[in-house]
Structure formats: C-alpha cells, structure tokens
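Just so we're clear, the structure is a prediction, and the values are computed from it rather than from any experiment. So you know, we letter chains A, B, ... as the sequences are listed, proteins then strands, and number each from 1. Atoms considered below: every heavy atom in the structure, side chains included; atoms not considered: hydrogens, waters and symmetry mates.
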There are 2 protein chains.
Amino acid sequence: MIKLLLADDQALVRGAMAALLDMEPDIKVVAEVGRGDQVLPAARDHDVDVALLDVEMPGIDGVAAARELHKHLPAVRVLMVTTFGRAGYLRQAMAAGASGFIVKDTPARQLADAVRRVHEGLRVVDPDLAAQSLAQGESPLTEREADVLRAARDGGTVADIARALRLSEGTVRNHLSSAIGKTGARTRAEAVRLALDNGWLLS
Amino acid sequence: MIKLLLADDQALVRGAMAALLDMEPDIKVVAEVGRGDQVLPAARDHDVDVALLDVEMPGIDGVAAARELHKHLPAVRVLMVTTFGRAGYLRQAMAAGASGFIVKDTPARQLADAVRRVHEGLRVVDPDLAAQSLAQGESPLTEREADVLRAARDGGTVADIARALRLSEGTVRNHLSSAIGKTGARTRAEAVRLALDNGWLLS
DNA sequence: TTTGAACCCTGACAGATGTCATGGCGGGGA
DNA sequence: TCCCCGCCATGACATCTGTCAGGGTTCAAA
C-alpha cells in the first residue's frame, strides 16, 4: 500500500485527485495540504511514501518543498505536477531531488502509474518536456538579473525596483538591459514574460 | 440521474473531477472535452443536463462557450469553474446565461452539491466573490482601451500595438494613458495586470 | 598572481513613453 | 436641435527607459 501526500493549492482539484487516486487499490491518500510550508510537517506526521506536489503554491513553492523533503526525509519519493510545461521548472525540480515531473495535460489514467513508478524508485519525466529542457539549457540570467526581473513582475517603475532591492536606479537599468539582451526581448515586460515562461524566475 | 458535461483544458484535473463526480449516485459524466469550441457539439450529442465549464480554455473561452450553450441549447444549465476569483468574470458569466460560478478553492465535497443545485434551477455563487463583484462594479474601460491593453499584454512596444490594431501611435498612447488613469496604475504593465486581475479583458 | 565573472556604481544620450491641448467624426440623450 | 461621449488623429512636451562607456570591489579558477 502506497501512502501518498497530496499538495495543491486549489482545494477542488486536490480533492478530485484524491478521489481519483483513492480508487486505486494499492494507493491511499493519507494527507492533503494546500500550502508548500505544510508539506514537510505533514509528510513527517503521516509516514508518507510518495509526495505529489504542485509547483505553484502559497507559502513556499513546490520545488522548494521538494528540496526540504529531500533533505529531511530522503526516503520520501517526490512527484511534481504542474500546470505549465515550463522546461526550466523540470531542471530545478530534478535538482531539488524530485523523482518525477508531469504536466496536468497528461491523461488522468496515467497518474496512478506515475505514482507507482516513482514509488519503485524509477524516474518519470514527460519526454517532450525533457527534450525541451535539454534544448533550452540553463537560465542565462545571473542571480541579480533574475531578482530585478522578479521585482519588475507587477509593473513598477525603475525607482520602485531600486527601492525594493536597495540598489541605485542606474544599476537596476543595467541589470534590466542585460536581462533584456540575454532573453532576446525588446522590452522589460517581454523579458519578464519570457523568463517566466522558461521557468527562470523560481526562488 | 444528472447527465453532466465536463470542460477543462487540463486532462488531469478533468479526469480527476470526473472521478470525483462519478462517485455520486445521481450524477453521470457523459462527456469530457478539452476545448471551448467542443462544448456545444458535445452537449448536443449527449443530451446534457448540466455543463461544468472552466473559464480558461483554448478555442473559445468558457464564458463564450456558455453564451453559445445558452443561445442554442437553453435547457442546459451552466456551472462555471475557474482558477482565479476574478470578479469581472462572474459578471460576464452570469450575463452569458450561466447559473452558477465557483472557484477552484472551494472544498471538493461542495462540487456535487453545486451541480445538483444548478440542475434544480437554483443559482450558485460564491458569496465573497459576489460581494467583490458588486463593490467593484463594471469595467471602467471603453472597448478600445481594453483592446489596447489586451494587445499590450505580452510586452510589445507602442508601434507593435498600433500595427496590430491599425491605429496611429498617438491614438494608442492616448488610450493607454486613459486606461492607466482609470485603473489607477502608474505604468502600462501595471495597468495590464490590474485589468487582468479584475477580469476586464475578457473577449 | 593574473584573469575573468558577477556585482555595484556614475554619467550621458537617443529613443520610447505618458500627458496634454486641440480638433474632427458619429451616435445617442436631453 | 444641440450637446456630450466615445473614438480617431496630430503635435508638442517632460519624463522614463534602454544602452553604452566608463571605473570600482570581491572571489574563485587558472
């Protein structure tokens, strides 16, 4: 019997996935959480075998939660699930110790199988996504450039970003310019979107 | 027995919700589709009682699909589901003939109940969302301003927007300026974000 | 030890952006 | 009918952005 932890911020899909997986005779959902920072405590309390983590969650994101699990409870296998096929997420999730990575586009019947494979110690990765990830390579952005793009996400001015990051406006402009160049964008907003789509702005 | 149509672009959550609802003795999922433009044909083919529609879908969005259903198959009750609690969506969904509107944050056990209520002809609306929608009022943006913001969504320049909409650059700047003023933003990007959050940029 | 990469800053400049004043057009509502 | 509002446009203006050329520090690898 595989003891499963389910983490997703949307109660409806969390409950629905629980219903789906509880139909399997060899899987039992022993814990459900809606925040990333509840993953580790819940996994500890319920002696979990496999954790099914969404990437986008309040508290800490799924990748960071996977990192925590891998560090403190290395016996727990992690299967990441995400809405978008952002290839950058895949790389970071694997680096964080995840055993599998699937997108929410995959047919529902394959989910239980993925859980079983991960439990057996196998790796489960969407092949298209893996190819895309390899082709795309790692993030070209330096940490500071990513910081600046993150701060620019909701449309503030250079002055806002500089204040938030305790930098001079000139420095912010330089980082932005560099990030725009590296992403091939023509605008700050476009650079933010591209970096986001590629999964380059995670923690 | 309530015959249900399920429309969501993510196969995994679609399948999971089907599993959840099929556990109910009085509900039967008779059709599943992943695109907005498949909703009407599928509803026709399967003599559906209730349609559970996600707002964000490829093809046409859920609100437009609801409009189609209401026009061609008025007997079908529509229950909208969405990820975000964007109050503007609620107003437009109800105007499109939907009988209910719930967010994916609601507990899974309430879903079947919502389906039953909608089937009985009752209205189902998240109270918080309804209050927010009333407080927020309708979109202050004129159609053209919304067009311009939509075109500005992925970070193009004024010249790009002008080309896409066949307008002069000056006009685009005027509409943008007006939209920025109305939304209380200080930047184009901020205005886009605010309008998006409020659901003012639907079709 | 030298080199390079990442980080921070300054200053200057062209071009893009946001604002404003102004005017013409069409379709309601008073 | 006249007037107001949404729409389109022009031109001018101050400000903001993105780019470039500098020059500084720290740290790790060669």
Side-chain angles (χ1 to χ4, degrees), chain A residues 88 91-92 95 137-203, chain B residues 88 91-92 95 137-196 198 200-203:
Chain A
R91 175 183 306 273
Q92 295 184 58
E138 292 192 49
S139 170
L141 302 174
T142 71
E143 199 173 333
R144 225 46 181 148
E145 288 158 0
D147 285 344
V148 172
L149 282 188
R150 253 191 299 278
R153 207 166 10 181
D154 39 42
T157 71
V158 171
D160 293 336
I161 304 170
R163 211 173 315 116
L165 267 58
R166 313 282 176 87
L167 292 177
S168 93
E169 299 194 8
T171 303
V172 170
R173 282 211 290 270
N174 283 339
H175 284 313
L176 277 175
S177 179
S178 164
I180 289 173
K182 286 180 179 176
T183 54
R186 275 156 36 254
T187 301
R188 177 194 317 197
E190 204 178 341
V192 169
R193 198 177 51 77
L194 286 171
L196 226 42
D197 285 352
N198 285 328
W200 291 338
L201 296 189
L202 267 193
S203 60
Chain B
R91 175 183 306 273
Q92 296 183 59
E138 292 192 48
S139 170
L141 303 174
T142 71
E143 198 174 332
R144 229 37 183 153
E145 287 159 1
D147 285 344
V148 171
L149 283 188
R150 254 192 298 279
R153 207 166 11 181
D154 39 43
T157 70
V158 171
D160 293 336
I161 303 170
R163 211 173 315 117
L165 267 59
R166 312 283 178 87
L167 291 177
S168 92
E169 300 194 8
T171 303
V172 170
R173 281 211 290 272
N174 284 338
H175 284 312
L176 277 175
S177 180
S178 165
I180 289 172
K182 287 179 180 176
T183 55
R186 275 157 34 256
T187 302
R188 177 192 319 197
E190 204 177 342
V192 169
R193 196 177 52 77
L194 285 171
L196 226 42
N198 285 327
W200 291 338
L201 296 189
L202 265 194
S203 60

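Scanning all heavy atoms of the two residues, the minimum distance from B:D154 to A:E190 falls at O-CG, 3.7 Å. In plain terms, the two heavy atoms of B:L149 and B:A195 that are nearest each other are CD1-CB, 3.8 Å. Closest approach of A:P140 and A:K182 over heavy atoms only: O-NZ, 3.2 Å. Across every non-hydrogen atom of A:E145 and A:S178, the tightest pair is OE2-OG, 2.5 Å.
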What does nucleotides 21-30 of chain D look like as a protein-contact string, B for base, S for sugar-phosphate only, - for none, at under 4.0 angstrom between heavy atoms?
----------
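Within a heavy-atom distance below 4.0 Å of DNA chain C, the residues of residues 141-148 of chain A found are A:T142, A:E143, A:R144. The stretch residues 162-171 of chain B touches DNA chain D through B:L167, B:S168, B:G170, B:T171, each having a heavy atom under 4.0 angstrom from the strand.
A:R150 places a side-chain N or O within donor-acceptor distance of the main-chain N or O of A:L201, the cut-off being under 3.5 Å. One N or O on the side chain of A:S168 and one on the backbone of A:T171 form a donor-acceptor pair closer than 3.5 Å. Using a distance-only test at 3.5 Å, with no hydrogens or angles considered, no donor-acceptor pair links the side chain of B:T187 to the main chain of B:A189. A distance-only check finds no donor-acceptor pair linking the side chain of B:T183 to the backbone of B:A191 [under 3.5 Å].
In terms of the salt bridge (Lys or Arg N to Asp or Glu O under 4.0 Å) criterion, residue partners of B:R163 (sequence neighbours excluded) are, by chain and number, B:D160. For A:R173, there are no salt bridge (Lys or Arg N to Asp or Glu O under 4.0 Å) partners, not counting sequence neighbours.
Looking at heavy atoms from C-beta onward, B:D147 lies out of side-chain contact with B:H175 at the 4.5 angstrom threshold. Looking only at side-chain heavy atoms (C-beta outward), A:R144 and A:L167 come within less than 4.5 Å of each other. In this structure the side chain of A:I161 reaches within 4.5 angstrom of the side chain of A:R188, judged on heavy atoms.
As rounded to whole Å, 11 Å separates atom P of D:dT19 from atom CZ of A:R186. In this structure, the CD1 atom of A:I180 is 11 Å from the P atom of D:dC20, given to the nearest Å. If you measure from atom CD of B:E190 to atom P of D:dC16, you get 15 Å, rounded to the nearest angstrom.
Running 5' to 3' along DNA chain C, contacts with non-hydrogen atoms of chain B at under 4.0 Å begin and end at C:dT17 to C:dC20.
Between A:K182 and A:R173, the residue anchored closer to the 5' end of DNA chain C is A:K182, taking for each the nucleotide with the nearest heavy atom.
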